[in-house]
Each structure stands twice: as C-alpha cells, then as structure tokens.
Amino acid sequence: MSTVAPVFQGESPQSPPSYLKAGHTIKSWLLTGDHKRIAILYLIAVSVFFFFGSIAASMIRVELVSPRGVMLENDTYNKVFTAHGIIMIFFFLIPAIPAVLGNFLLPIMIGARDLAFPRLNLLSWYLYVAGGLCALLAMAFGGVDTGWTFYTPYSSMYSNTNVTLTIVGAFIAGFSSIATGINFIVTVHKMRAPGMTWFRLPLMVWGSYATSVIIVLGTPVVAITLLLVVMERVFHIGVFSPELGGDPVLFQHLFWFYSHPAVYIMILPAMGVINEVITCFTRKRIFGYHFIAFSSLAIAGLGFLVWGHHMFVSSQSMYQGMVFSLLSYLVAVPSAIKTFNWTATIYKGSVRFQTPFLYVLGFIGLFVVGGLTGLFLAAMSTDVHLTDTYFVVAHFHYVMVGGTIMGFLAGLHFWWPKFFGKMYPDNWGKLSALIIFIGFNLTFLPQFVLGYLGMPRRYHYYYFAPEFQFWHIASTAGASILAVGFLIPAVYLLWSLKYGPDAGPNPWGAKGLEWTIPSPPPTTNFVEIPVVREEPYAYDAEADEREERVPAETKR
Amino acid sequence: MKIDHSHAHPISMYLKTFFALLVLMVLTVVMAFVHVGPEGNSVLNNLIAMAIAVTKAVLVVLFFMHVKFSTQLTKFWAILGFLWFLLMFIMFADYTTRPREYIRGWEPAAEDPNAPAALPQPPAR
Amino acid sequence: MNFPLMPDQASNFARPYDALFFALTALTILFTVIVGALVLYFAVKYRKGNRVDRSGAVESHLGLEITWTVIPLILGLVMFWWAAKLYVDTRQPPQDAMEIFVIGKQWMWHAQHANGVRENNELHVPVGVPVRLTMISQDVIHSFFVPQFRIKQDVLPGRYTQQWFIATKPGKYNLFCAEYCGTQHSEMGGYIYALPPQEFQKWLASGGDKKRPNQPTMADLGKQLYDRLACGNCHGSQDSPRGPSLYGLYGARRRMTDGSIVEATASYIREAIKNPYAKINEGYQNTMPEYRELTEEDLLNLIAYIRTLGTSKAPGPVLGNAMPAQIDGGNR
Amino acid sequence: MSMKTEALQAAHGAEEQPLHHQFEELPQQNESYVVGMWVFLVTEIMFFGGMFLAYVLYRWRYSEAWFEAHTKLDIPLGTTNTVVLLTSSLTMALAVHFAQLRNKRLQLAMLGATIGLACVFLVIKAFEWSAKFQHGLVPGPNFTWEGLVPAPQAQLFYSLYFGMTGLHALHVIIGIVVIGVLALLTALDHPLVKNDFIPTELVGLYWHFVDIVGIFLFPLFYLIPK
C-alpha cells in the first residue's frame with residue numbers, strides 16, 4: 001500500500017533510532033511497552049517452549065520404534081506425551097503467530113504507533129511466562145499424565161500427578177491470550193490510519209482479528225472448565241464425576257466448546273501470513289479478497305458450532321452427533337475457498353522461488369491434506385473407527401505442524417529482515433524448507449496408515465499388534481529428518497543476526513505499510529501517521545516483468 | 001467531546017434506574033411465592049423470574065453502564081457476549097435427545113421367537 | 001516385518017465402512033492432486049523471467065468463487081449423508097442380538113456371558129450372529145475398540161453404553177482401549193476370537209477357556225447375591241408395604257413419586273440399587289439403603305437375575321443410553 | 001487526526017484530559033478503553049457462562065433435589081445482599097458521574113461508599129456461608145444431608161452454590177481492591193487518573209458487571225419455584 005508518508009531508504013540521520021537501539025538495559029526490555037520488543041520477547045519464549053516440546057516429541061518417536069518400548073516406563077511415557085501436547089498447544093501453537101508476528105506487525109500494518117493497550121500487552125507476556133513456568137515446574141517435578149485434554153474423571157479423581165499445577169499454568173496462559181485478543185480487537189477497530197478502511201486491511205489483520213474474536217469468546221469457557229476440574233480434584237466438590245452425581249460428558253462438551261475453536265486460533269493467523277507472502281512472491285493482488293476476508297469470519301463463527309465431532313463415540317446422543325457432523329462439513333467450505341483463492345492468486349503472477357514462498361507451497365500442500373483428512377473425522381461412521389487412533393494424530397499434525405508451523409516459518413522468514421534488519425542466506429532457507437517438507441511427510445503419512453490399521457493414540461506399547469512396527473519405524477525415521485530441518489533455520493537465523501547483510505527497508509519489493517518504514521522500525525513506527533489511498537496488495541506482475549526490474553533482492 | 005461535562009448525565013437518571021431495580025427486586029421475590037400456571041409445573045415461574053432478571057440486567061447495562069448513550073461499536077460488543085453465551089445451550093440437543101435413542105430388544109431372548117435356536121438360551125426360570 | 005495397509009474386514013460394518021473410507025480417500029487424493037498440480041504448474045509457468053502471457057489477470061471472479069463454494073459443499077453434504085446413514089445402523093442393534101456384558105476397569109476388560117462364562121481381556125463371539133455388548137466402566141472412561149470390526153464405543157462410569165456387530169469371519173482380532181485411561185492404558189487390550197457358531201457353542205458349554213462347565217450363570221450369581229443381601233425381605237413375590245415386588249419389573253413402566261413414568265431398564269435398575277433415592281415408586285418411602293459398595297459385576301448379575309423374574313407383557317420401545325438419573329424419566 | 005498531543009494540551013491548558021502516546025485523539029482513546037473493557041466483560045460473561053450452563057443442566061436433571069436443597073438457603077439474607085449490591089452499583093454510577101464533573105470530593109465519597117457496601121455484602125455472605133459450614137452443607141467428605149432427595153444431588157446443588165457465589169465473591173473482593181487503588185490514585189492526583197474520568201468509568205463497568213451476575217444468581221439459587 002503506498003501512502004503519502006515519506007518512504008525511508010534506510011536509516012537516515014534524521015530518522016529516529018530503531019526499536020532495537022532504544023535502550024540497551026535488560027530493564028528497557030522487560031518493562032517495555034513497545035509492541036515490537038514484546039514480540040521479540042514472545043519470539044524468544046515460544047522458541048524455548050518449542051524446543052521443550054520437540055524434545056518430548058523425539059522421545060515419543062524413539063520409544064515407539066519397538067513394540068515393547070525402548071527406554072521409558074509406562075508412566076514416564078504418559079507424562080512425556082502429555083508434556084508434548086500441553087507445551088505445543090498452549091505454549092507454542094496458540095501464541096506463536098498472533099503473539100510474535102501479530103504483535104510486531106499488526107499495529108504497523110494498520111498504520112498505528114502501537115497496540116491500543118501497551119501495558120496490557122506486556123502483562124500478557126508476563127502471564128504467558130508465568131503460566132509456562134507453572135506448567136514446566138509441574139512437568140519437571142513429577143509430571144502430569146492426563147493428556148492435554150484433561151478428560152474427567154481421570155484428571156479429577158484418578159490421576160496422581162501434578163494435574164492441578166498444570167491446569168493453573170494453562171489457566172494463566174489462557175488469560176495471556178485473552179489479553180492479546182482484547183488488544184488486537186480494539187486496535188483493529190480504533191487504531192487504523194486514515195484511509196485504512198476495513199477492506200484495505202491486509203488479510204493477515206483480518207485473520208488476526210478473527211482469531212482474537214475466537215480467543216475472547218472461547219478461552220474463558222475452557223478456563224472455567226479447568227477450574228471446575230481443579231475444584232473437583234482438590235475439594236471433591238464437582239460437577240463431572242459420576243460418583244458426585246455429575247456427568248463426565250459435560251466436561252467434554254465444555255472442553256471442546258473452546259478446544260475445537262482453538263484449532264482455528266492456531267490456523268487462522270497462519271492463513272493470514274500466507275496471504276501476505278503469496279502476494280509478494282507472485283507480485284499479484286490477492287484473488288478474491290472479500291471471500292478470503294469473510295471466510296475468516298465464517299470460520300470463526302462456524303467453528304463454535306462443531307465441537308461435537310470430537311465426541312461421536314463418547315456416548316453423546318446420535319441426533320446431536322448428526323447436527324455436529326453436518327455443521328462440520330459446512331466449516332470445511334471456507335477453508336476450501338481460501339485454498340482455491342490462493343491457487344488462483346499464483347495464476348499469471350511473476351513467481352519468485354525464495355524461502356518464504358517455498359514455505360507457502362509447503363503450507364498449501366500439507367494444509368490441503370490435513371483439511372481433507374478432516375472430512376474422515378467429520379463423517380460420523382468413519383470417525384468411529386478413526387477417532388483416538390494415529391489417524392487423528394496424523395490429521396492434526398498436518399493441520400498444526402503443516403499449517404501453523406509452516407505458516408509461522410514462512411512469516412518468520414518473510415519478516416525476519418523487518419524484525420532485525422538483517423538478511424539470512426536464502427539457499428540455506430530453501431534447503432531447510434525442502435527438508436522440513438520431506439521429513440514432515442515421512443513422519444506423518446505413515447501415521448495415517450497406522451491409524452487406519454487401528455493403532456490407538458497415546459499407546460506406549462503395541463506388542464498386541466507387532467505388525468504396526470514397520471510404519472512406526474518409517475515415522476521415526478521421518479521425524480529425525482524433520483528435526484534436522486528445524487535445526488537448520490535456528491542456526492542460520494541466529495547467524496544472520498550478527499553476520500547477515502543489511503536488508504534495507506524493503507528487501508522483497510513488497511507492498512504494505514510495514515515495508516515503508518526502516519528495518520528495524522523506529523519505536524514509534526511512523527514519523528507521521530500515514531494516509532492510505534490505495535487498495536491492498538497493489539502489485540502488478542505484468543509491469544514488474546516488463547521492466548525486468550530485479551526487486552531489491554539482496555545479494556549475499 | 002472536548003469537555004468532560006458533555007459525558008455527564010443527570011443524577012435523576014441514576015436514581016430512577018435504581019428505583020426501578022428495587023421495584024423489580026421486590027417483584028421477583030413476591031413472584032417466587034406465587035405459583036403461576038398449571039399444577040406441578042414451574043415453567044412459567046421460572047420464565048417470570050428470568051424475565052425480571054434480564055430486565056434488571058438490561059437496565060443496568062443501558063443506564064449504569066451508559067450503553068444507551070455509547071457508540072455502535074460498544075453496543076455491538078455489549079450484546080455479543082450475552083448472545084454468544086446462549087450458543088453453549090446447543091449442548092442441550094445432546095441431553096434432551098439422549099433418552100430418545102431407540103434401542104430395540106431388551107426383552108430376554110427366551111421370549112423372542114426370532115432368537116436363533118443355535119444360541120445359548122439365557123436361563124429361563 | 002510386513003507392511004500391512006488395511007485391517008481385516010471381519011464384521012458386517014467393515015465392508016460398507018471401507019467403501020466410504022476409500023471414497024473419502026479418493027476424494028482426498030483427487031483434490032490434493034488438483035490443487036498441488038495447479039499450484040506447481042502455475043508457479044513454474046509464471047516464474048519470474050519466464051516470458052508468458054500475463055495479461056488479463058483478474059483479482060476476483062464471482063463465478064469461480066461460487067463454483068468452488070458450491071462443489072465442496074455438495075460433495076460434503078453427500079459424504080455427510082452417506083456417513084450418517086451408516087452411523088445410524090451402528091447405533092441400532094437388531095432385536096435378536098445375543099447379549100454380552102463388558103466391564104472396563106483400570107486396566108483390563110472383563111466380559112460376562114449370560115451363562116456365567118467369564119473372560120478377561122478376551123472375548124469369544126460367534127460368527128454370523130448379531131452380538132450386543134452392554135458396557136460400563138468401573139472407574140474412568142475407556143473405549144472399546146476392535147479395528148477389524150470397525151467399531152469403537154466409549155465405556156463410561158455410571159452409565160451403560162452399547163455396541164453391536166456381526167462377526168463375519170472366524171479369526172483372532174485385536175481389542176484395544178482407545179480412550180486414555182492411565183498408566184497401563186496401552187496394555188488394556190487383548191483379543192477377540194470369532195468362532196463358527198457350533199464351535200462357539202461348544203466353547204461356551206465347556207465353560208470357556210478355563211474349562212469350568214456348569215458354573216453358575218449370571219442370573220445364578222445374581223440370585224446368590226439377592227439372597228445374601230436379603231433383598232427378598234422387602235422385594236418378595238408380592239408388593240409389600242416396604243417395597244414393590246420385582247416380579248415382572250423388567251421393562252415395565254412404573255409411576256414415581258414425582259409423577260414421572262419410568263421404564264425399568266438395566267440402567268434404571270442399576271441406579272435404583274446404587275442410589276435408591278433417585279427415583280421412588282409411587283406409594284413407597286425411601287427406606288432402602290444405598291448399596292454403593294456393589295461392583296459393576298454384582299450389579300450386572302443382579303440385573304440378570306431380576307430379568308429372569310419375568311418381564312411385563314408389553315414392554316414397548318425401551319429408551320436407553322440416557323443419563324442415569326433421568327434415564328427413562330423419558331418424557332420431560 | 002494529525003493534531004499532536006502537545007498542541008492539544010497547549011490549546012486547552014492543563015485541564016485537558018491527557019492523551020496517551022499510542023492514540024491520536026481523545027474520542028478515539030476514550031472509546032478504545034471503553035470497548036476494550038467491554039470485550040473483557042464478554043470474556044467474563046463466557047467465564048461465568050460455563051458455570052451457568054452446568055447449573056442449568058443439573059437443575060433440569062435434578063429439579064426436585066434442587067428445590068429441596070434450596071430451602072436451606074436464607075432468603076432474607078440473600079435479598080438483603082442483592083439490594084446491598086444494587087445500591088453499591090448506584091454509588092459506583094454516581095462516582096463515575098462525579099468523575100465526569102471533576103468533583104473529586106464527591107467522587108471519592110462515592111467510591112468509599114461503594115467499597116463500604118461491598119464489604120457489607122461480603123460480611124453478610126460470610127454469615128451465610130458459616131451457617132452452611134455449621135450445618136454440614138459444604139460439599140466434600142463431610143457433607144451431611146437429611147432429606148427426601150439423594151445426597152449426591154443435593155451436594156451438586158451446594159457445589160454449584162459455593163462455586164458460583166464463591167467466584168462472584170472473588171470478583172467482589174477484586175472489585176474492592178481495584179476501587180481502593182482507584183480511590184487512592186485519585187486522592188493523590190496521580191497522572192494516571194488526573195483529569196481523566198475513563199479509569200473510573202472502566203472500574204464502574206466492571207463493578208456493574210459484578211452486580212449483573214448477582215442479579216442472576218439471586219433468583220437462580222434463592223428463589224427456586226416448586
């Protein structure tokens with residue numbers, strides 16, 4: 001989006017210092033109100049949690065190589081997969097894109113100096129860290145073995161592990177994401193620059209807005225549900241245990257009322273990132289802007305009406321199951337719309353195969369598989385056989401890892417030069433994207449077969465059915481490739497911070513307000529609030545090609 | 001909007017609202033002891049109690065919380081929460097239809113002429 | 001090491017299930033290939049510097065949008081209908097199904113045949129005969145899963161759930177617990193043996209694997225318990241002032257003190273023993289003690305015995321699968 | 001839009017409401033805070049909503065037990081408490097009113113009255129609860145129930161009673177702290193609240209929400225028809 005605001009070409013002497021240089025003390029970071037610094041704090045924190053979660057994942061994969069296990073005890077294994085689930089979902093996938101990329105970019109994209117409530121933003125980071133520490137403490141000292149779903153009555157009456165502390169951690173982290181959600185909603189409503197109408201917003205902002213709405217409407221419900229579990233556990237007063245007169249299925253209803261929409265909390269921001277990256281690297285306007293924008297809201301709304309498809313075998317009534325199955329098919333449509341629109345966006349573009357775009361290609365491929373295998377689970381009778389098996393595991397990893405993490409990496413590679421003003425080696429980036437894509441498919445395609453064969457999830461041993469072993473070995477082999485794929489970016493991104501060439505304000509030749517300001521941006525983002533006069537994604541592939549202008553693509 | 005005085009409303013508005021709330025308060029207590037509707041059926045009483053509570057809440061929201069005088073945006077968010085809460089009641093589709101699930105054949109197989117003869121007969125005595 | 005691709009088709013549900021599964025698989029592959037091929041083709045054809053016609057690109061096209069909204073929608077609705085129909089079948093056991101009772105507990109499956117034969121972590125069923133499992137859990141939620149039969153049903157504490165199937169092929173199949181239930185969740189499994197009917201008959205008559213023929217049936221055990229607990233003191237062959245008779249109770253409709261009509265199903269009787277105050281027959285006081293210490297196995301035996309005391313003449317459709325307290329409170 | 005903070009303040013003198021650095025103008029700032037508070041209240045509604053849902057489910061399932069169990073609650077005390085809460089809502093609304101008029105003395109008086117009424121509410125609640133403790137109506141191993149309806153169902157009623165009124169009381173306590181801090185800052189002319197009625201308005205919104213929860217809890221627990 002071009003604006004009347006002056007476009008800086010690098011840091012000129014009169015421009016204010018970058019946010020990275022606005023103070024060097026630890027205090028200036030830990031007490032900052034600057035959304036960009038908070039985003040960096042989040043980036044560090046979620047990376048740490050991703051690391052812990054990955055360690056747990058590796059332990060699971062190694063353990064399953066043999067039908068009788070390799071190194072872990074029953075209980076340890078249960079604690080490890082619970083740790084993997086809780087860390088990855090509550091402390092990585094949910095905050096990853098909104099709190100890192102969204103925090104950094106949302107105000108800049110709409111032409112604001114900061115989020116509406118900077119102090120609340122900082123508070124949300126502290127809540128996140130506090131919640132994460134609670135969960136880590138619980139896992140370090142004794143562990144927790146309920147699975148991330150905390151199903152009652154196991155979690156409330158039977159488990160002898162640190163359930164309470166873990167729930168307190170998830171509870172606190174919930175308020176962290178609520179704080180972020182409130183901040184984003186108000187910011188999008190009230191802080192847009194003049195001329196930045198709703199339909200000029202970058203689609204990532206639409207995605208973040210829809211996500212925030214889900215967070216605000218859903219998270220409190222799981223918070224109260226988990227609180228009720230703690231009450232039942234600690235005081236033996238409760239509403240879920242049949243011994244106390246309750247109904248354990250009520251927990252599942254309340255839990256999935258949030259936790260199904262939570263899937264969209266994880267995937268919608270990633271879809272937003274894809275819109276930004278795909279337009280830049282095809283030099284095309286997005287195809288079907290309005291359809292993509294409204295499909296985000298449709299997903300956010302419909303996503304609240306389909307939670308029962310997690311419960312087809314839970315003994316909920318057959319009639320309720322049918323309603324939920326039907327609605328689940330409806331929610332598949334907006335996702336299909338997005339995918340087809342992205343495909344049409346590439347048509348007649350001027351495609352540049354650079355690292356972020358490779359991640360986008362990976363995202364589309366994996367998300368399509370992940371989304372379509374969701375149809376098996378929304379169909380009532382196929383779900384009966386496949387639910388609680390590795391098919392489900394494979395399905396949601398395709399959506400969560402193939403979708404959210406690919407989206408996160410695409411965004412991280414796209415905006416890394418904006419974050420730090422440094423460029424990473426593109427060839428290493430491409431290599432890692434390729435390795436991740438291959439490793440991912442090797443890991444999780446076999447799990448579809450395993451699930452169909454009947455391998456239940458959360459199984460430590462499978463000596464009852466040793467024929468599963470081949471597929472487990474294949475999966476573990478893929479996982480080791482995937483691990484290497486994740487390590488490479490960690491290395492070269494850190495390397496680039498010190499040794500990377502300067503990126504300049506707009507290394508990709510991208511449109512959007514964030515590319516009109518220096519990299520890294522100054523603390524107040526804009527010297528003067530820009531006035532937006534153009535439609536979003538004002539790319540022109542034809543003109544680009546005609547001029548045969550090589551966009552400011554950094555050579556290294 | 002430059003001067004804060006423009007936000008202020010007359011004190012009488014708050015007092016009137018408060019008075020209305022007290023009246024409704026008395027009404028709801030009285031109605032709890034007056035049975036309405038058919039014998040053995042408390043649906044109407046419950047509806048009345050909830051209607052009064054909702055009215056009170058609306059009064060508080062409109063006047064004490066100034067939503068009557070606020071922007072469209074504020075109104076939207078003020079309404080959304082109360083509406084979305086109602087969505088959760090979808091789960092009653094489960095609880096109300098559970099007993100409707102028709103399960104054939106709880107009779108002992110011995111009395112069932114269709115029972116396969118080769119099968120073990122449950123003991124008949 | 002072998003590379004299995006699909007589980008055996010060993011029940012009546014397996015074939016129709018697999019038809020749907022493969023239809024969905026075909027759909028998945030089709031759309032993945034379409035989208036993948038288009039994306040790659042466009043990306044390569046329109047790569048930077050490649051001299052191709054780029055004119056006339058549009059940024060929206062209502063016809064296209066409607067096309068790719070409606071086609072997935074229709075396909076989705078077809079799949080929904082197909083799957084829902086199949087699902088309804090799996091939830092409705094035929095009337096003549098043979099009954100087996102299953103109790104899940106941390107961490108084993110316990111099965112009881114009506115004639116008293118019991119098995120742990122194994123279940124023998126006849127081929128070609130509809131079998132209905134009535135299941136309950138003694139502690140946490142478990143899930144009864146037989147991949148080769150394509151069936152799975154959660155087993156809940158405090159409430160009976162059911163599952164039915166017809167085994168179609170003799171053999172040995174996996175039995176898993178599919179709902180995470182604690183430390184030895186992965187070892188809470190075993191095997192299902194589908195036997196030809198005659199063989200099954202023989203197996204059952206010989207007292208199962210433990211070879212204890214002529215052991216007491218479930219109803220016998222129930223009778224013993226009934227006598228030991230002296231239930232007959234209040235619930236004799238005639239209604240007494242202390243309690244109603246249990247003769248002809250099973251399946252009968254009774255009026256409760258709160259005016260509701262309750263149908264005496266297994267779930268109701270279980271609740272009435274464990275928690276007698278929940279529903280009280282009209283004309284009686286709640287003088288019955290709570291028999292909370294009875295295990296699920298005891299309860300099933302008692303119910304089996306009460307069933308032998310006769311059923312009402314016209315049972316009518318029985319409502320099941322509801323929550324314990326209001327199960328069969330039915331007509332709210 | 002391009003008016004800068006300094007220019008605004010210069011034009012209106014020190015009396016002008018302060019403009020925070022991330023905002024461009026006062027109406028934008030004021031509405032942002034109010035909308036933000038309302039979005040927070042939406043989360044509060046959903047938070048209490050989960051419990052209300054459980055309440056409705058079990059009341060519908062165990063309606064008789066619910067009626068029996070509720071007869072042990074003290075209707076006069078519950079009524080008094082709800083009136084106390086309504087009155088505190090009025091004083092809070094008046095506190096906002098005087099904040100808008102920049103009448104610091106009356107604003108502080110109204111905030112003080114609100115805190116006082118909130119404390120009265122808690123004291124009455126404490127009396128109610130301690131009576132339940134004495135009668136063994138606290139859910140848990142020591143729950144004692146003599147009545148026609150099954151003990152587990154009555155216990156479920158009291159679980160939800162203590163859970164919901166407890167959560168509500170927690171909100172009242174938080175409210176007392178927040179109002180106390182607000183009064184302190186106002187008394188000290190702290191820049192956060194000086195010449196700005198929005199903080200008082202936001203605290204007011206929160207307090208009225210607590211009142212609304214009370215409005216619903218009262219008939220749901222104390223006035224259950226047969």
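First the proteins, then the strands, lettered A, B, ... as listed; each starts at 1. Note that the structure is predicted; figures quoted are calculated from it, not measured.
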task = State, with a plain yes or no, whether a side-chain heavy atom of Leu250(A) is found less than 4.5 Å away from one of Tyr95(B).
result = yes
task = State the NZ-OG1 distance between Lys190(A) and Thr71(B), to the nearest 0.5 angstrom.
result = 6.5 Å
inquiry  = If you compare all heavy atoms of His253(A) against all heavy atoms of Met91(B), which two are closest, and at what distance to 0.1 Å?
reply    = CB-SD, 3.5 Å
task = Run through Ser315(A), Ser314(A), Ser317(A) and flag the one making a side chain to side chain contact (heavy atoms under 4.5 Å, CB included) with Asp94(B).
result = Ser317(A)
ask   = Side chain, backbone, both or neither: which part of Val249(A) has an atom under 4.5 Å from a heavy atom of chain B?
value = both
ask   = With a cut-off of 6.0 Å (strictly less than), are more than 12 heavy atoms of other residues, nucleotides or ligands near NZ of Lys75(B)?
value = yes
Contact origin within Ile90(B) toward chain A - heavy atom pairs under 4.5 Å = both
query = How many angstroms lie between OG1 in Thr97(B) and CE in Met318(A), if you round to the nearest 0.5 Å?
reply = 9.0 Å
task = Identify which part of Ile185(A) has an atom lying under 4.5 Å from any heavy atom of chain B, answering side chain, backbone, both or neither.
result = side chain
key: Whether Trp84(B) and Phe304(A) hold their rings parallel, tilted or perpendicular, with breakpoints at 30° and 60°   = perpendicular
note = For Trp307(A) and Leu87(B), the nearest pair of non-hydrogen atoms, with its separation, is CH2-O, 4.4 Å
message = Counting neighbours of CZ on Phe19(B) that are heavy atoms of other residues, nucleotides or ligands and sit closer than 6.0 Å, is the number greater than 12?
response = no
query = Who wins among Phe92(B), Trp77(B), Phe85(B) for the most heavy-atom pairs under 4.5 Å with chain A?
reply = Trp77(B)
